[in-house]
2 protein chains.
Amino acid sequence: MKQCRALNALSALANEHRLEAVRLMVPRGHDGLTAGEIGAALELSASRLSFHLNALEAAGLIESERKGRNICYRVSYGALRDLMGYLLTDCCGAHPEICSSLMACDGKPPGARRG
Amino acid sequence: MKQCRALNALSALANEHRLEAVRLMVPRGHDGLTAGEIGAALELSASRLSFHLNALEAAGLIESERKGRNICYRVSYGALRDLMGYLLTDCCGAHPEICSSLMACDGKPPGARRG
DNA sequence: TTCACGTTTCAACTACTCATGAACTATTGA
DNA sequence: TCAATAGTTCATGAGTAGTTGAAACGTGAA
């Protein structure tokens with residue numbers, strides 16, 4: 001991942017509504033959510049919602065697909081993975097203890113793990 | 001991690017110089033780098049460097065310690081871990097394949113892994 | 001105490017991001 | 001074709017973030 005792409009992704013995530021939108025989409029997988037569902041959950045006006053979803057899509061963090069009247073949005077997991085990899089450059093080499101605690105996958109939500 | 005803290009961290013990282021500074025510090029572990037070393041690597045004026053390091057410290061992403069004339073900065077790995085956990089809320093529950101590819105730790109830099 | 005070095009603080013300026021509401025496009029069903 | 005629904009685009013103005021250079025501060029050495 002190039003710095004430019006990482007910066008775009010971080011800038012896109014550095015907004016309360018966009019961060020919440022992504023967190024809303026993450027557990028929904030490929031099915032995603034319609035713009036309307038996201039707007040309702042975030043209590044955003046249509047134009048604000050569209051603005052923020054566009055920003056996330058432009059940053060490559062989400063993808064969209066029209067389904068009839070609705071447009072369905074889902075997280076681009078590859079982009080999320082690349083972003084984290086970029087942030088952690090070389091931490092595995094010098095400090096494996098950081099990566100291993102960071103990267104343990106036990107089937108529980110990462111937010112529920114500490115230490 | 002609360003949304004507010006995650007937002008502060010993401011905003012802090014959403015800047016070319018601050019992102020590079022963090023990536024510079026990540027592999028240095030607890031030893032960190034002095035402000036002068038970071039400034040030289042990033043080719044920043046003293047005042048700009050100070051501004052950016054302050055922003056990172058205020059966001060909780062780095063810690064500082066005076067060592068004689070120098071001030072030593074290092075990454076707060078806990079903050080980085082919490083931030084990623086916050087982003088990935090519940091992805092393990094619904095989509096373990098995402099987490100496992102994201103979170104595999106094999107001693108190689110995450111940036112060198114694909115797929 | 002004085003000097004030099006490394007770093008921080010401040011004020012002024014510029015550029016960007018976000019919210020708003022009206023107008024617009026795309027799709028569906030009568 | 002027309003109306004309803006779902007979502008997007010645009011212009012505007014307010015607020016915030018980043019850059020700059022000068023001055024000030026804290027520390028160690030002479």
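Residue numbers begin at 1 in each chain, while the letters A, B, ... track the order of the sequences.
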Polar side-chain contact S50(A)-dG7(D) base: donor and acceptor under 3.5 Å |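 Answer is no: no donor-acceptor pair is held.
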Roughly how many Å is it from [atom1] in [X] to [atom2] in [N], rounded to a whole number?
| X | N | atom1 | atom2 | result |
| --- | --- | --- | --- | --- |
| L56(A) | dT8(D) | CG | C1' | 15 Å |
| E65(A) | dG7(D) | CD | C1' | 16 Å |
| L19(B) | dA17(D) | CG | C1' | 17 Å |
| N70(A) | dT28(C) | CG | P | 10 Å |
| L53(A) | dT9(D) | CG | P | 11 Å |
| I71(B) | dC25(D) | CD1 | P | 16 Å |
| R69(B) | dG28(D) | CZ | C1' | 5 Å |
| F51(A) | dC16(C) | CZ | P | 14 Å |

If only side-chain N and O atoms of [X] are considered, is one of them under 4.0 Å from the OP1 or OP2 phosphate oxygen of [N]?
| X | N | result |
| --- | --- | --- |
| R48(B) | dG18(D) | no |
| N54(B) | dT7(C) | no |
| Y73(A) | dA6(D) | no |
| R66(A) | dG7(D) | no |
| N15(A) | dT17(C) | no |
| H52(B) | dA17(D) | no |

Evaluate side chain to side chain contact (heavy atoms under 4.5 Å, CB included) for R74(A) paired with R28(A), printing each intermediate quantity in order.
-> CA-CA 8 Å; R74(A) 58 173 164 267; R28(A) 301 298 290 263; over 6 Å; no
Upstream residue (5' side of DNA chain C) when S47(A) and R18(A) are each assigned their closest nucleotide |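 That would be R18(A).
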Is a side-chain N or O of [X] found less than 3.5 angstrom from the main chain of [Y], in a donor-acceptor match?
| X | Y | value |
| --- | --- | --- |
| S11(A) | L7(A) | yes |
| E20(A) | L42(A) | no |
| Y77(B) | G29(B) | yes |

Just checking A35(B): base, sugar-phosphate only, or nothing, at a heavy-atom cut-off of under 4.0 Å?
->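 If one applies the 4.0 Å heavy-atom cut-off, A35(B) turns out to touch the sugar-phosphate alone, with no base involved.
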Below 4.5 Å, heavy atoms only, C-beta onward: do E65(A) and I71(A) meet side chain to side chain?
->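 They are not in side-chain contact.
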